[in-house]
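Single-structure report; data block below.
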Amino acid sequence: MQSHTLPRIVEAMLIRASLLAALVLAVTVPAVAQPAPNTLSKKEAAQGWKLLFDGKTTAGWHSTHGPDFPSTGWEVKDGLLSVTEHGGEEGGNAGDIITDRKYSSFELSVDFRITRGANSGIKYFVDPSLNKGHGSAIGLEYQILDDAVHPDAKKGKNGDRTQASLYDMIPAAKDKPVRPIGEWNTALIIVRGAHVEHWLDGKKVLEYDRFTPQFRQLVAESKYHVWPNFGEAHSGYILLQDLGFPVSFRNIKIRELPPTSAK
């Protein structure tokens, strides 16, 4: 063996040893664990987040039509809170569900997964007394929709009935994230007094301010113009909508924010 080949052999052996060590380290050192669904990390708990769904029961929720949780149309299974019925009827056979208490300023995070052609929504500042008859309870709505299939996406104005929009009032940004049907999305609604933001999968897709002439004009031009002072409640319930399409929710959590002047 020629002497000048020895450094190359040593270098190759060192490279192989380094690669082997890296491989062993990758196999033996566990990846950073993600929090299990429907749980809070220590950081989230310290920041004041609270679960609105424990993954096992319907505690904290009841029907808009009464004090009990609907006996049909919704189910808790495999850590998911799901609408199970079909048909696309507003209010469905089971109806919407709302939180047991009201909220004012908050951050609300909800994972949702839709099926093909589905329609649903997350409402806030809901007042169940405004509509005691057939149909959904009244409140500001973060739209959940299959934009490609459901006909509601083509109604309204300028796309204001598409996913993550403020339903029938403000369209979500055109460059919003779009994930395939069946994948999980995360809705984030931030309310700081008068100021409201809608986020989808980590991207802010719209914002607005209540109690302003601009907001009231939006209401006047929407289907909600028949409800006096729509969207101007200082507190209200949070609602998950039953529109008769299979939709699942998980990781429903809220962090209340310090009171802020609403006007």
Side-chain angles (χ1 to χ4, degrees), residues 31-85 91-115 118-128 136-137 139-144 164 179 182-191 198-202 235-258:
V32 177
Q34 296 296 318
N38 308 310
T39 63
L40 296 174
S41 67
K42 290 183 179 180
K43 180 178 180 181
E44 288 175 324
Q47 291 174 336
W49 288 93
K50 305 290 185 183
L51 287 175
L52 290 180
F53 172 56
D54 61 13
K56 300 176 183 178
T57 72
T58 60
W61 297 87
H62 64 276
S63 170
T64 56
H65 301 311
D68 300 323
F69 194 87
S71 59
T72 62
W74 290 85
E75 72 172 5
V76 175
K77 183 178 180 181
D78 299 328
L80 308 179
L81 176 60
S82 304
V83 180
T84 61
E85 66 214 36
N93 296 323
D96 304 333
I97 57 173
I98 56 174
T99 51
D100 286 348
R101 52 158 296 198
K102 298 179 179 180
Y103 296 90
S104 298
S105 289
F106 56 85
E107 295 181 4
L108 172 70
S109 180
V110 181
D111 289 354
F112 65 92
R113 184 177 65 189
I114 65 175
T115 52
N119 184 5
S120 185
I122 304 166
K123 294 188 179 182
Y124 48 104
F125 292 112
V126 170
D127 183 351
S136 186
L140 297 161
E141 180 178 350
Y142 182 113
Q143 171 76 311
I144 294 176
R179 293 183 177 175
E183 290 193 6
W184 285 101
N185 297 269
T186 300
L188 176 65
I189 301 168
I190 302 175
V191 178
H198 285 192
W199 293 66
L200 176 63
D201 297 329
S235 66
Y237 299 96
I238 292 165
L239 176 152
L240 299 179
Q241 196 171 32
D242 163 31
L243 282 171
F245 298 93
V247 177
S248 294
F249 302 94
R250 70 179 186 187
N251 291 332
I252 308 171
K253 52 193 174 185
I254 194 165
R255 175 169 70 165
E256 295 187 79
L257 301 176

Taking every non-hydrogen atom, the tightest pair across N119 and V247: O-CG2, 4.5 Å

For a quick test of reading the model, state the closest non-hydrogen atom pair linking V191 to L257 and the distance between them. O-CD1, 3.6 Å

Donor + acceptor pair across side chains of T84, K77 (<3.5 Å): no

Atom CD1 of I122 and atom CD of E141: how far apart are they, to the nearest 0.5 Å? 9.0 Å

Value for OG (S105) from CD1 (I190), rounded to nearest 0.5 Å, stands at 11.5 Å

Under a 3.5 Å threshold, yes or no: a donor from one side chain and an acceptor from the other, between D96 and T64? no

For F125 against S104, the heavy-atom pair lying closest together: CZ-O, 3.4 Å

Contact check, side chains of H62 and F69, non-hydrogen atoms, under 4.5 Å: no

Test item: K123 side-chain N/O and A137 main-chain N/O as donor-acceptor pair under 3.5 Å: yes

Heavy-atom distance under 4.5 Å between the side chains of Y103 and L52, does that happen here? yes

Does N251 reach the side chain of N38, with side-chain heavy atoms less than 4.5 Å apart? yes

To the nearest 0.5 Å, tell me how far F249 CZ sits from I144 CD1. 4.5 Å

Could you check whether any side-chain heavy atom of S248 comes within less than 4.5 Å of a side-chain heavy atom of W184, counting everything from C-beta outward? yes

Separation between OG of S82 and CD of E75, rounded to the nearest 0.5 Å: 5.5 Å

Could you list the residues that satisfy ring pair (Phe, Tyr, Trp, His ring centres under 6.0 Å) with Y142, not counting sequence neighbours? H198

Heavy-atom pair of closest approach, residues I98 and S63: CG1-O, 4.4 Å

Would you indicate whether the side-chain heavy atoms of I97 and T58 approach each other to under 4.5 Å? no

If you compare all heavy atoms of G79 against all heavy atoms of F53, which two are closest, and at what distance to 0.1 Å? O-CE2, 3.4 Å

Stepwise, does the side-chain contact (heavy atoms from CB on, under 4.5 Å) test hold for W74 with V83? CA-CA 5 Å; W74 290 85; V83 180; 3.5 Å; yes

Output for pair (S120 OG, R113 CZ), nearest 0.5 Å, gives 13.5 Å

Could you check if a side-chain atom of W49 sits within less than 4.5 angstrom of a side-chain atom of K43, using non-hydrogen atoms only? no

Do Y124 and L108 have side chains that approach each other closer than 4.5 Å (heavy atoms only, starting at C-beta)? no

Is there a side-chain contact between I252 and L240 in this structure, where contact means two heavy atoms from C-beta onward sitting under 4.5 Å apart? yes

So how far is it from I254 CD1 to T99 OG1, rounded to the nearest 0.5 Å? 7.5 Å

Heavy atoms of S109 and T186 approach each other most closely as OG-CG2, 3.6 Å

Keeping the roles fixed (side chain from D54, backbone from K56), state whether a donor-acceptor pair exists under 3.5 Å. yes

